[in-house]
There are 2 protein chains.
Amino acid sequence: MLEVFKKYINDKVSMPEDDLSEILSYAILKKLRRRQFLLQEGDVWRYNAFVSSGFLRKYSVDDKGTEHIMSFSPENYWTGDRESLVNETPSKFNIEALENAEILLFKKDDFDMLCKKFPLFNNMVNNILHRSFLTSQNRIHSSISLTSEEKYNNFVLKFPSIANRVPQHMIASYIGISPETLSRIRSQANKR
Amino acid sequence: MLEVFKKYINDKVSMPEDDLSEILSYAILKKLRRRQFLLQEGDVWRYNAFVSSGFLRKYSVDDKGTEHIMSFSPENYWTGDRESLVNETPSKFNIEALENAEILLFKKDDFDMLCKKFPLFNNMVNNILHRSFLTSQNRIHSSISLTSEEKYNNFVLKFPSIANRVPQHMIASYIGISPETLSRIRSQANKR
DNA sequence: AAAAACTATTGACAAATGTCAACGTTTTTA
DNA sequence: TAAAAACGTTGACATTTGTCAATAGTTTTT
């Protein structure tokens, strides 16, 4: 829904109503049902995508068929594959709805034009990117410095609402361990 | 040296000579000898730092005294701790010169002012940030989906000049494995 | 030139993690 | 509502990785 996006923007930056309306006029509404895909491996990603409701995940599948989850995207978050977007190369990732979702799509060219036309919007976008970068850095630091148990505890601590929303094996995939190992880590911790 | 920075900017964006000079006028030159620190854990990081010559690493030290390397920064790269910078919180990281280095420091407020005043400069900064984000995402994907051996091969493939410039145990630290394991991975691979 | 520090390797062993299979339960689908 | 799929757990076992210690070669410092 457009209202969700409107509220999202207004929370971040105070922008003239008309500008916001113009931005909204470029949004393409896409509805996804659970297990449908927003992006499939091999396709080129051409949008900026705002999740106005529902829940998505982005993941790759390796030679052995194992899935590796790069991100979860609940409502009020963005998703997509920026590498595919900027290089116009086939994506390594799948983006799939874990719950029925409503997405606002902005074509790359439209989005870039809007960023140029509305500096406030551009600033907001860059701020989001900046925060995403900080989040990435933290995830990297966890991955090279923490034990599996610490990675799990950290995840639950930082993303409690996501931890409650996805099956356990997806948390395992996100932090880079097998589902069995996570199960054992949890049962060990319970005994203490 | 200022010349290096000038060339760096001119390679990325065509900016009026005067603007560039003004930007340069805010640079603080800092020389570091091997093993000196640009930032020490616990201090708040207050700059944007451009490496005009030399070579730095950023790392944390855990409870057991093990170092975990977050990044390497050769000449023509930026370094610092953005999380500490934006939140004004004590840094978890140390930034240390691995080779004698010359750094250009821009105080946070100066740098932000320059970004506001010179849109081209601002764009350049945001582009760099964007690329850093893509790099981070790739590192995350490696860390959750590759074996240790693959992580090492990947590192050498992507950063050959860094791989040749640092001791092996630092590569191990960067990819999140012990130095002994890396040594064994390499000797195994040699047999094949 | 000698001493100290750093680096990479290797062995022995312990600990952590992955793999495969089986099972019962819960959730989803038809 | 019955069948199928998904989920989490557990056991047995193999594999990977970490830890500690010793060693030899190299580089740096004094």
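Predicted, not measured: the structure shown is a model, and the values here were computed from it. Atoms considered below: every heavy atom in the structure, side chains included; atoms not considered: hydrogens, waters and symmetry mates. In what follows, every chain begins at residue 1, and chains take the letters A, B, ... in the order their sequences are listed.
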Determine whether more than 12 heavy atoms belonging to other residues, nucleotides or ligands lie under 6.0 Å from atom CZ of A/Phe155. yes
- prompt: Between A/Phe111 and A/Phe121, is the gap from one ring center to the other below 6.0 Å?
  reply: yes
Please determine whether any donor N or O and acceptor N or O are separated by less than 3.5 Å between the side chain of A/Arg184 and the base of D/dG11.
yes
Atom NE2 of B/His169 and atom P of C/dA5 are separated, to the nearest Å, by 15 Å
To the nearest angstrom, the CZ-C1' distance between A/Arg186 and C/dT17 comes to 18 Å
Using a cut-off of strictly less than 4.0 Å, decide whether A/Ser187 has a side-chain nitrogen or oxygen near OP1 or OP2 of D/dT10. yes
B/Ser183 has its side chain closest, among C/dT10, D/dT19, D/dG8, to C/dT10
The bend of the helix from C/dA1-D/dT30 to C/dA30-D/dT1, taken between the axes of its five terminal pairs at each end and rounded to 10°, is 60°
**Prompt:** If only side-chain N and O atoms of A/Thr181 are considered, is one of them under 4.0 Å from the OP1 or OP2 phosphate oxygen of C/dA16?
**Reply:** no
Decide yes or no for A/Thr79 and A/Leu39: does some side-chain heavy atom of the first lie under 4.5 Å from some side-chain heavy atom of the second?
-> no
| Can we say A/Glu99 and A/Arg34 salt-bridge, meaning some charged N sits less than 4.0 Å from an Asp/Glu carboxylate O? | no
When rounded to whole Å, the NZ to P distance for the pair A/Lys64 and D/dT15 reads 13 Å
Checklist entry - Taking it one step at a time, do B/Glu75 and B/Arg165 satisfy salt bridge (charged side-chain N to carboxylate O under 4.0 Å, His left out)? => result CA-CA 12 Å; B/Glu75 51 283 326; B/Arg165 210 166 169 179; 3.0 Å; yes
Result for 5'-nearest mapping on DNA chain C, choosing between A/Ile185 and A/Glu180, is A/Ile185
Walking DNA chain C from its 5' end, the first of B/Arg35 and B/Leu182 to be reached, judged by nearest nucleotide, is B/Arg35
Closest to the side chain of B/Gln168, out of D/dT9, C/dT9, D/dT19, is C/dT9
Rounded to whole Å, CG of B/Asn164 lies from P of C/dT7 at a distance of 16 Å
Record whether the side chain of B/Arg33 comes under 3.5 Å of the base of D/dT28 through a donor-acceptor pair of N or O atoms. no
* To do: Give the intermediate values and the outcome of side chain to side chain donor-acceptor pair (under 3.5 Å) for residues B/Gln137 and A/Ser136.
  => CA-CA 7 Å; B/Gln137 291 293 107; A/Ser136 296; 2.9 Å; yes
B/Arg57 CZ to C/dC6 C1', in whole Å, measures 12 Å
From CE of B/Met170 across to C1' of D/dT27 the rounded distance in Å is 14 Å
Is the backbone of A/Pro179 close enough, under 3.5 Å, to the side chain of A/Ser183 for a donor and an acceptor to pair up by distance?
no
Whole-Å distance, A/Tyr152 OH to C/dA16 P, equals 19 Å
The nucleotide from D/dT19, C/dT9, C/dT7 with an atom nearest the side chain of B/Ser178 is D/dT19
- Indicate yes or no for a side-chain donor-acceptor contact from B/Lys107 to the backbone of B/Arg46 under 3.5 Å, with no hydrogens or angles considered. no
* Would you classify A/Thr147 as touching base, sugar-phosphate or nothing, given that sugar-phosphate means primed atoms plus P, OP1 and OP2, and contacts are heavy atoms under 4.0 Å? => nothing
To the nearest angstrom, the CG-C1' distance between B/Leu146 and D/dT16 comes to 16 Å
Of the listed C/dT10, C/dT28, C/dT7, the closest approach to the A/Arg34 side chain comes from C/dT28
